[in-house]
Asks: 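Pasting in a structure now, in structure tokens, and then I'll have a few things to ask.
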Number of protein chains: 2
Amino acid sequence: MSDRLDWNDLRERRMTEPGAAETYEATRIAFELGQEVRHLREGHDWSQSQLARAAGMTQSAVARFEAGRTVPTLPVLERLARALDRRLDVRFASNVDAA
Amino acid sequence: MSDRLDWNDLRERRMTEPGAAETYEATRIAFELGQEVRHLREGHDWSQSQLARAAGMTQSAVARFEAGRTVPTLPVLERLARALDRRLDVRFASNVDAA
DNA sequence: CCAACCCATAGCATCGATGCTATGAGGTGG
DNA sequence: CCACCTCATAGCATCGATGCTATGGGTTGG
């Protein structure tokens with residue numbers, strides 16, 4: 001557990017850069033998606049290598065993504081969703097209603 | 001209308017490239033998001049230039065995005081969502097239930 | 001002790017999205 | 001005819017995500 005980044009670590013990193021305010025939310029989304037993929041993967045009892053193979057990427061790429069160290073692209077998210085038997089859903093939701 | 005790309009044009013373009021099957025869905029999502037932003041923008045009675053200013057980008061970037069000529073990144077989607085008073089929602093949905 | 005996994009991370013090349021400027025075609029109103 | 005706006009697109013520089021290989025530390029099981 002101690003070697004896993006948490007959200008505060010990430011926020012600290014990204015917010016040191018200028019113009020980071022705009023990407024703040026994207027960074028948060030990336031972090032949450034990484035968490036979710038990790039949970040889904042563990043739910044399948046898969047190692048990062050197994051997921052990587054299923055999603056057409058390498059173990060290092062999976063690790064980097066799960067750790068939230070980059071903001072993933074839609075193609076990557078799509079491939080991960082497929083591998084995990086999910087559907088990638090991206091939309092502009094109303095600002096008011098529930099999460 | 002005649003100068004606007006439709007989905008079949010885009011699909012034709014992208015599918016000519018090798019390895020495009022994986023990015024197919026991402027391309028479709030990009031196309032739909034472009035459409036949606038265009039509708040939202042027109043709902044606000046904004047020109048591409050006005051939206052661009054509100055989202056911290058240029059008119060050409062908005063045009064490129066609305067036309068679905070690139071697969072947008074999460075930071076860009078986030079900025080557009082903010083400008084259009086929406087919340088960007090990205091998630092791994094169950095494969096079975098409704099859209 | 002060692003082999004075989006797990007995961008995190010570094011370093012690098014490549015690819016593609018973005019930012020930007022500039023242009024052109026089209027419409028509109030003077 | 002012209003000024004002004006709309007949007008589409010080209011060309012280029014830059015930045016960052018991804019793909020890849022290679023480590024290294026940790027754990028487990030022999």
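Convention: sequence-line order gives letters A, B, ...; per-chain numbering from 1.
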Asks: Compare all side-chain heavy atoms of B:Val37 with those of B:Leu51 and state whether any distance is below 4.5 angstrom.
Replies: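 Yes, their side chains come closer than 4.5 Å.
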Asks: For A:Ser60 and D:dT21, is the shortest distance between a side-chain N/O and OP1 or OP2 below 4.0 Å?
Replies: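 Checking A:Ser60 against D:dT21: no side-chain N or O falls below 4.0 Å of OP1 or OP2.
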Asks: What's the CD-C1' distance between A:Gln50 and C:dA4, to the nearest Å?
Replies: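 About 14 Å, once rounded to whole Å.
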Asks: Rounding to 10°, can you tell me the angle the first-five-pair axis of the helix from C:dC1-D:dG30 to C:dG30-D:dC1 makes with its last-five-pair axis?
Replies: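 Taking the rotation axis at each end, their angle is 20°.
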Asks: B:Ser47 side chain N/O closer than 4.0 Å to the phosphate oxygens (OP1, OP2) of D:dT6?
Replies: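 Yes, because at least one side-chain N or O of B:Ser47 sits under 4.0 Å from OP1 or OP2 of D:dT6.
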Asks: State whether A:Thr73 places a side-chain N or O below 4.0 Å from either non-bridging phosphate oxygen (OP1 or OP2) of D:dT18.
Replies: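 So the side chain of A:Thr73 is within the cut-off, an N or O lying under 4.0 Å from OP1 or OP2 of D:dT18.
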Asks: Between B:Arg79 and A:Glu25, is the closest basic N to carboxylate O distance under 4.0 Å?
Replies: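 A salt bridge is absent here (no side-chain N lies under 4.0 Å from a carboxylate O).
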Asks: On DNA chain C, check which nucleotide each of B:Gln59 and B:Pro72 is closest to and give me the residue with the more 5' one.
Replies: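 Final value for this comparison: B:Pro72.
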Asks: Between P on D:dC15 and CE on B:Met57, what's the gap in Å once rounded to a whole number?
Replies: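 For the pair B:Met57 CE and D:dC15 P, the rounded distance is 18 Å.
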Asks: For A:Val76, which contact category applies under a 4.0 Å heavy-atom criterion: base, sugar-phosphate, or nothing?
Replies: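 It contacts sugar-phosphate atoms only.
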Asks: Find the distance B:Glu66:CD to C:dT18:P and express it as a whole number of Å.
Replies: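 So the two atoms are 13 Å apart, to the nearest Å.
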Asks: Rounded to the nearest angstrom, tell me the gap between atom CG in A:Leu51 and atom C1' in C:dC6.
Replies: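 It is 14 Å, rounded to the nearest whole Å.
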Asks: Taking CG from A:Asp45 and C1' from C:dC7, how many angstroms apart are they, rounded to a whole number?
Replies: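 Computing the A:Asp45:CG to C:dC7:C1' distance gives 16 Å.
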Asks: If you define the side chain from C-beta out and look only at heavy atoms, does anything of B:Val90 sit under 4.5 Å from A:Leu33?
Replies: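 Heavy-atom side-chain distance check passes, below 4.5 Å.
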Asks: Taking only side-chain nitrogens and oxygens of B:Gln48, does any of them come within less than 4.0 Å of OP1 or OP2 of D:dA8?
Replies: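 Result: yes.
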Asks: How far apart are the closest heavy atoms of B:Pro72 and B:Phe65, and which atoms are they?
Replies: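 Scanning both residues, the minimum pair turns out to be CG-CE1, 3.4 Å.
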Asks: Is the phosphate of C:dC7, meaning OP1 or OP2, less than 4.0 Å from a side-chain N or O of A:Arg41?
Replies: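 Yes, A:Arg41 has a side-chain N/O under 4.0 Å of OP1/OP2 on C:dC7.
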Asks: What integer distance in Å separates B:Arg53:CZ from D:dT6:P?
Replies: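 To the nearest whole Å, that distance equals 9 Å.
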Asks: Could you tell me whether the phosphate oxygens of D:dG19, OP1 or OP2, come under 4.0 Å of any side-chain nitrogen or oxygen in A:Arg79?
Replies: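 Yes, because at least one side-chain N or O of A:Arg79 sits under 4.0 Å from OP1 or OP2 of D:dG19.
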Asks: Apply salt bridge (Lys or Arg N to Asp or Glu O under 4.0 Å) to residues B:Arg82 and B:Glu78 and explain how you reach the verdict.
Replies: CA-CA 6 Å; B:Arg82 276 179 193 280; B:Glu78 175 63 34; 3.4 Å; yes
Asks: Calculate the interatomic distance between A:Glu42 atom CD and C:dC6 atom P; express it in whole Å.
Replies: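 Atom CD in A:Glu42 sits about 13 Å away from atom P in C:dC6.
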Asks: Look at A:Arg69 and D:dG16 and indicate whether a side-chain polar atom (N or O) is within less than 4.0 Å of OP1 or OP2.
Replies: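 No, because none of the side-chain N or O atoms of A:Arg69 sits under 4.0 Å from OP1 or OP2 of D:dG16.
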Asks: Any side-chain heavy atom of B:Trp46 sitting closer than 4.5 Å to one from B:Leu40?
Replies: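 Contact flag for B:Trp46/B:Leu40 side chains = no.
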Asks: Please report the distance, rounded to the nearest Å, between CZ in A:Arg64 and P in C:dA8.
Replies: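 After rounding, the gap between these two atoms is 13 Å.
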Asks: For B:Arg91, is there an ion pair with A:Glu36 - N to carboxylate O distance below 4.0 angstrom?
Replies: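 Salt bridge flag = no for B:Arg91 with A:Glu36.
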